Amino acid sequence: QVQLVESEGGLVQPGGSLRLSCAASGSIFSVDAMGWYRQVPGKERELVATITSGSSTKYADSVKGRFTISRDNAKNTVLLQMNSVKPEDTAVYHCNAKVWVGSPYTYFVELWGQGTLVTVSS
């Protein structure tokens with residue numbers, strides 16, 4: 001079974017920091033792009049940050065300068081370092097990965113994590 005396993009979010013004070021991690025497990029041949037998205041009730045899911053297999057990154061304007069995405073290809077893991085968090089960062093964060101899976105035939109699939117709640121409040 002192929003899945004994404006996310007770390008726990010939690011309650012963070014404004015201005016504080018939190019790191020999220022997400023690891024792809026299972027019969028994975030290779031991992032392409034990975035990223036983090038977030039969603040609040042009544043609003044569409046939005047991109048937070050993505051990182052390609054070549055470590056090219058993309059960030060939402062709202063998190064630039066505060067969040068940093070990185071990856072460990074050997075561990076099929078993506079990290080999101082969240083610094084100087086704001087109340088508007090409160091959301092359910094979902095890990096995303098585009099991977100090649102399976103054997104003997106491989107196929108391309110997009111995976112989503114279960115989602116982890118990050119609450120920024122004093």
Side-chain angles (χ1 to χ4, degrees):
Q1 184 177 4
V2 180
Q3 62 180 359
L4 299 179
V5 180
E6 303 162 333
S7 63
E8 292 284 341
L11 177 63
V12 190
Q13 295 187 11
S17 298
L18 181 69
R19 189 172 81 166
L20 301 179
S21 66
C22 172
S25 64
S27 184
I28 298 175
F29 182 78
S30 65
V31 180
D32 192 30
M34 304 185 79
W36 288 94
Y37 295 73
R38 65 188 182 188
Q39 189 170 28
V40 297
K43 188 178 180 181
E44 292 185 4
R45 177 182 290 163
E46 67 172 348
L47 181 148
V48 178
T50 61
I51 183 168
T52 68
S53 60
S55 296
S56 296
T57 59
K58 179 181 179 180
Y59 296 92
D61 289 340
S62 60
V63 306
K64 287 181 179 178
R66 300 187 297 116
F67 292 6
T68 302
I69 190 169
S70 61
R71 65 189 292 161
D72 185 334
N73 291 330
K75 298 179 180 179
N76 292 330
T77 298
V78 62
L79 304 173
L80 184 68
Q81 180 65 47
M82 306 167 61
N83 296 329
S84 302
V85 296
K86 304 175 180 179
E88 52 262 43
D89 293 322
T90 297
V92 175
Y93 285 71
H94 299 266
C95 180
N96 171 268
K98 297 176 174 64
V99 303
W100 289 95
V101 302
S103 179
Y105 300 104
T106 58
Y107 56 98
F108 194 66
V109 65
E110 184 173 28
L111 303 175
W112 289 93
Q114 292 295 315
T116 185
L117 177 63
V118 174
T119 302
V120 182
S121 176
S122 59

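Since we're looking at a predicted model, the values are computed, not measured. The first residue of the sequence shown is numbered 1, and numbering continues consecutively from there.
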Measuring from L80:CG to T116:OG1, what's the distance to the nearest 0.5 Å?
11.5 Å
Determine yes or no for a side-chain-to-main-chain donor-acceptor pair under 3.5 angstrom, with R71 supplying the side chain and S55 the backbone.
no
Inter-residue atom distance R45.CZ - R38.CZ, 0.5 Å rounding:
13.5 Å
Around F29, counting heavy atoms of other residues, nucleotides and ligands shown, do more than 12 lie under 6.0 Å from its CZ?
no
Can you tell me how far apart CG (N96) and CE (M34) are? Round to the nearest 0.5 Å.
8.5 Å
Say whether N83 and S17, considering side chains only, have a donor N or O and an acceptor N or O under 3.5 Å apart.
yes
Checking the side chain of Y59 only, and the main-chain atoms of T50 only, is there a donor and an acceptor separated by less than 3.5 Å?
no
Let me see the working for K58 and I51 under side-chain contact (heavy atoms from CB on, under 4.5 Å), right down to the final yes or no.
CA-CA 7 Å; K58 179 181 179 180; I51 183 168; over 6 Å; no
Could you check W112 against Y37 for ring pair (Phe, Tyr, Trp, His ring centres under 6.0 Å), going step by step and ending with a plain yes or no?
CA-CA 10 Å; W112 289 93; Y37 295 73; 5.1 Å; yes
Test log, rule side-chain contact (heavy atoms from CB on, under 4.5 Å), inputs Y93 and E6:
CA-CA 9 Å; Y93 285 71; E6 303 162 333; over 6 Å; no
T57 OG1 to K64 NZ distance, which is reported to the nearest 0.5 Å
9.5 Å
Would a distance-only check, ignoring hydrogens and angles, find a side-chain to backbone donor-acceptor pair under 3.5 Å from Q13 to S122?
no
Within the structure provided, determine whether P14 and V120 are in side-chain contact (heavy-atom separation under 4.5 Å).
yes
Do the side chain of T77 and the main chain of K75 share a donor and acceptor less than 3.5 angstrom apart?
yes
Return yes when atom CD of Q39 has more than 12 non-hydrogen atoms of other residues, nucleotides or ligands closer than 6.0 Å, and no otherwise.
yes
Which distance, rounded to the nearest 0.5 Å, do you find between the OG of S121 and the CG of L11?
6.0 Å
Between A60 and L47, which heavy-atom pair has the shortest distance, and what is it?
CB-O, 3.3 Å
In short, V85 meets R66 closest at the heavy-atom pair CA-NH1, 3.7 Å
Between I69 and G35, the two heavy atoms sitting closest are CD1-CA, 4.0 Å
Going through the distances and angles, do V118 and L20 end up as a side-chain contact (heavy atoms from CB on, under 4.5 Å)?
CA-CA 9 Å; V118 174; L20 301 179; 4.2 Å; yes
Minimum heavy-atom separation for W36 and C22, please, with both atom names.
CZ2-CB, 3.6 Å
Might you point out which heavy atoms bring V5 and S25 nearest each other, and give the distance in Å?
CG2-OG, 4.4 Å
Using a 4.5 Å cut-off on heavy atoms from C-beta on, say whether the side chain of H94 contacts that of Q114.
no
Assigning hydrophobic clusters by single linkage (Ile, Leu, Val, Met, Phe, Trp, Tyr; side-chain heavy-atom cutoff under 4.5 Å), is F67 placed with V92?
no
Can you tell me if CD on E110 sees more than 12 non-hydrogen neighbours from other groups inside 6.0 Å?
yes
Minimum heavy-atom separation for A91 and V40, please, with both atom names.
CB-CG1, 3.6 Å
What distance separates L18 CG from Q81 CD, expressed to the nearest 0.5 Å?
8.0 Å
Find out whether I28 and V2 are in side-chain contact, i.e. whether some heavy atom of one side chain is under 4.5 Å from a heavy atom of the other.
yes
Please walk me through it: do L111 and V99 pass side-chain contact (heavy atoms from CB on, under 4.5 Å)?
CA-CA 8 Å; L111 303 175; V99 303; 3.7 Å; yes
